[in-house]
A.B. asks: 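Take this structure first; my questions come after.
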2 protein chains.
Amino acid sequence: MPHTLLIDTEPSLSYAVPPPPLTLRQMRATCTDCAMQQLCLPMGLEKADKNLLDKIIRNRHRICRDESLYQIGDPFKNLYAVRFGHFKTYQINASGKQQITGFQMAGDLLGLDAIGASRYQNEAVALEDSEVCEIPFAGLDTLFGHAPGLLHNFHKMMSQEITREQNVMLLLGTMRAERRFAIFLDNLSSHYMRRGRCANTFQLRMSREDIGNYLGLTNESISRLFLRFKQHGWIKADKREVHLLEPDVLKALASGTKSCLPI
Amino acid sequence: MPHTLLIDTEPSLSYAVPPPPLTLRQMRATCTDCAMQQLCLPMGLEKADKNLLDKIIRNRHRICRDESLYQIGDPFKNLYAVRFGHFKTYQINASGKQQITGFQMAGDLLGLDAIGASRYQNEAVALEDSEVCEIPFAGLDTLFGHAPGLLHNFHKMMSQEITREQNVMLLLGTMRAERRFAIFLDNLSSHYMRRGRCANTFQLRMSREDIGNYLGLTNESISRLFLRFKQHGWIKADKREVHLLEPDVLKALASGTKSCLPI
DNA sequence: CGCGGAATTGAAAATACTCAAAATTAGTGG
DNA sequence: CCACTAATTTTGAGTATTTTCAATTCCGCG
């Protein structure tokens, strides 16, 4: 399973050199073979339907760190499925400041918010060198009539996106910073678990600033939260490497059952 | 246009008596006649497609104030389009507290978050005596193959729901309370405008507590914000009746361009 | 080795919360 | 229609958490 290997491998941390060009086999990667099948549009589809999908997905792109996949206001043409790597999406509010609306990883679909207005409502930026499948929406649309299973999956993914965002609202509606942070870590953990990665050890792909922005807190607060959680022995954290030592305590904090004093 | 009249009329404020049973004509109300056409699933459809939709929408329900339309975990069967009235949807977080995820009014679709998991992820409660169209999702699904325009509208509405929620995230990511509150009022205003109502004068349908919950603030804070905005002369507010006297100032506050001192 | 962005730390200031009490309003029944 | 009760809203004072602003350290990268 060469593709599994490819995806589970953490990309190198040296971002100085541009990523190597795709090999032919990578370019030819199909939904049929993709390791993200179970999370992405082809989930559970019959071979024939997956082949239809493979026919319209002509392009897979490498996006380098800090490069943007699309910008706010760009006319909507494609959805993008993340093959590997991480992205952040953000809007610009009226006073020009960014607000991060989500972090996306392998198996996630980018651009769903653009369908309604025919323009992208967010900017999507790669947090590391990443790869996406370009899914022309017009093509997808024509498939819907022929592959009901695909249409179901699409509706499922849109609906899940709505649910996911409601959960973020749940997070942001929570007032205490320690709780927001615990929810954030717990969410990350379960995302990695669902993707077959280790749930308790991972590399953060985003800066403290980004985390703060996402959680409605300052980067200083994030820094202090890391310290506090480390001092309590709940996590080990060195730079962007994080180990959850007491996932249950984090869950308790996240649920509001438990709380901790500052300092 | 009898239906327009029906919808534009503010429901009586005396909630003691149960709403009168629907008249026959109200029961027979069709998408073809509905005043919410331009915002709801039938927007821009040809007559034939609207008729298809009318065939599957058999039931329209009156929901009394404080009654719930569906509960968290109920198996997903129907979407509901709000015909008139107001709803709130909320989730219950792990420690058992409510978090309001949205307020819905005429033309909005309820239940989109349930498609992915086949169960409702929220509870939807009427904030006043309201009426909804019951849209069986199985039926809608069978129409998709025959009415591409309908499918487009459905995708558009789902996508808009995603965008709407991202805007709430934008709101909640904002740290200062006065700004959250200004955004809240401004959003309400534009919702009413889009529905052909007066943008600057409206009745709040939700309690201070609900507003606070939605905005991640306490009801005391909401109370003080009302006072502050009134003292500045930006709004007039008596109980739940609100007049926006300086909508531009509110917009400036919402955008972060302007800010005001406490007291 | 040195530069620059990111992260950390400290101290002061400010905003929003908590708790408690009072006032107002909505809903009920006589 | 009025009076009564419960619920919501307002107000006040004190507290706590988080932000700000500034200075420092750390680290990756040329």
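Throughout, protein chains are lettered first and strands after them, A, B, ... in sequence-line order, and every chain is numbered starting at 1.
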A.B. asks: Mind checking side-chain contact (heavy atoms from CB on, under 4.5 Å) for A:D66 and listing every partner two or more places apart, or none if nothing turns up?
C.D. replies: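 A:D66 satisfies side-chain contact (heavy atoms from CB on, under 4.5 Å) with no residue once adjacent residues are dropped.
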A.B. asks: Which residues pass the side-chain contact (heavy atoms from CB on, under 4.5 Å) test with B:L227, sequence neighbours left out?
C.D. replies: B:Q231
A.B. asks: In whole angstrom, what separates B:R240's CZ from C:dT24's P?
C.D. replies: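 So the CZ-P distance, B:R240 to C:dT24, works out to 18 Å.
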A.B. asks: Five pairs per end, C1' atoms only: what is the angle between the end axes of the helix from C:dC1-D:dG30 to C:dG30-D:dC1, to 10 degrees?
C.D. replies: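 Nearest ten degrees gives 50° for this helix.
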A.B. asks: Counting side-chain heavy atoms from CB outward, which of D:dT11, C:dA7, C:dC17 is closest to B:L227?
C.D. replies: D:dT11
A.B. asks: Please name all residues satisfying side-chain contact (heavy atoms from CB on, under 4.5 Å) with A:Q91, sequence neighbours left out, ordered by chain then number.
C.D. replies: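 Expected list: A:T101, A:Q121, A:N122, B:Q166, B:N167, B:L170.
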A.B. asks: Taking only residues two or more places apart in sequence, or in another chain, which ones meet A:E134 in a salt bridge (charged side-chain N to carboxylate O under 4.0 Å, His left out)?
C.D. replies: none
A.B. asks: Which of residues 206-219 of chain A have a heavy atom under 4.0 Å from DNA chain D?
C.D. replies: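 Close to the strand are A:G216, A:L217, A:T218.
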A.B. asks: Measure from CZ on A:R228 to P on C:dT9 and round the result to the nearest Å.
C.D. replies: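 Rounded to the whole Å, the gap is 14 Å.
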A.B. asks: C:dA6 P sits how many Å from A:D238 CG, rounded?
C.D. replies: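 Rounded to the whole Å, the gap is 18 Å.
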A.B. asks: Between atom NZ in B:K239 and atom P in C:dG27, what is the gap in whole Å?
C.D. replies: 12 Å
A.B. asks: Does B:E128 pair with B:R65 as a salt bridge, N-O distance under 4.0 Å?
C.D. replies: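 Here B:E128 does not pair with B:R65 in a salt bridge, since their nearest N and O are not under 4.0 Å apart.
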A.B. asks: I want to check something: taking the side chain as every heavy atom from C-beta on, are A:F226 and A:V242 in contact at a cut-off of under 4.5 Å?
C.D. replies: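 Yes, at least one pair of side-chain atoms sits under 4.5 Å.
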A.B. asks: If a pair satisfies salt bridge (charged side-chain N to carboxylate O under 4.0 Å, His left out) and one of its residues is in residues 86-101 of chain A, list it, with sequence neighbours excluded.
C.D. replies: A:K88-A:D210
A.B. asks: A:L225 has an atom CG; how far is it from atom C1' of C:dA7, in whole Å?
C.D. replies: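 A:L225 atom CG is separated from C:dA7 atom C1' by 14 Å.
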A.B. asks: With sequence neighbours left out, what residues match A:T201 under side-chain contact (heavy atoms from CB on, under 4.5 Å)?
C.D. replies: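 So A:T201 forms a side-chain contact (heavy atoms from CB on, under 4.5 Å) with A:C198, A:E241, A:H243.
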A.B. asks: Could you list the residues that satisfy salt bridge (charged side-chain N to carboxylate O under 4.0 Å, His left out) with B:D113, not counting sequence neighbours?
C.D. replies: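 Applying salt bridge (charged side-chain N to carboxylate O under 4.0 Å, His left out) to B:D113 gives none.
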A.B. asks: Is there any ring-ring contact (aromatic ring centres under 6.0 Å, His included) pair reaching into residues 94-114 of chain A, and which pairs are they, with sequence neighbours excluded?
C.D. replies: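 Listed once each, the pairs are A:F103-A:Y214.
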A.B. asks: Might you list the N or O atoms of the protein lying below 3.5 Å from N or O atoms in nucleotides 21-24 of chain D, with each pair's distance?
C.D. replies:
unit_1: D:dC21; atom_1: N4; unit_2: A:E220; atom_2: OE2; d: 3.2

A.B. asks: Taking CZ from B:R176 and C1' from C:dC17, how many angstroms apart are they, rounded to a whole number?
C.D. replies: 15 Å
A.B. asks: Can you list the residues that meet the salt bridge (charged side-chain N to carboxylate O under 4.0 Å, His left out) rule with B:R164, with sequence neighbours excluded?
C.D. replies: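 Here the qualifying residues are B:E161.
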A.B. asks: How long is the line joining CZ of A:F226 and P of C:dA7, in whole Å?
C.D. replies: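 Atom CZ in A:F226 sits about 9 Å away from atom P in C:dA7.
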A.B. asks: Check the distance between C:dA26's C1' and B:D66's CG and give it to me in whole angstrom.
C.D. replies: 12 Å
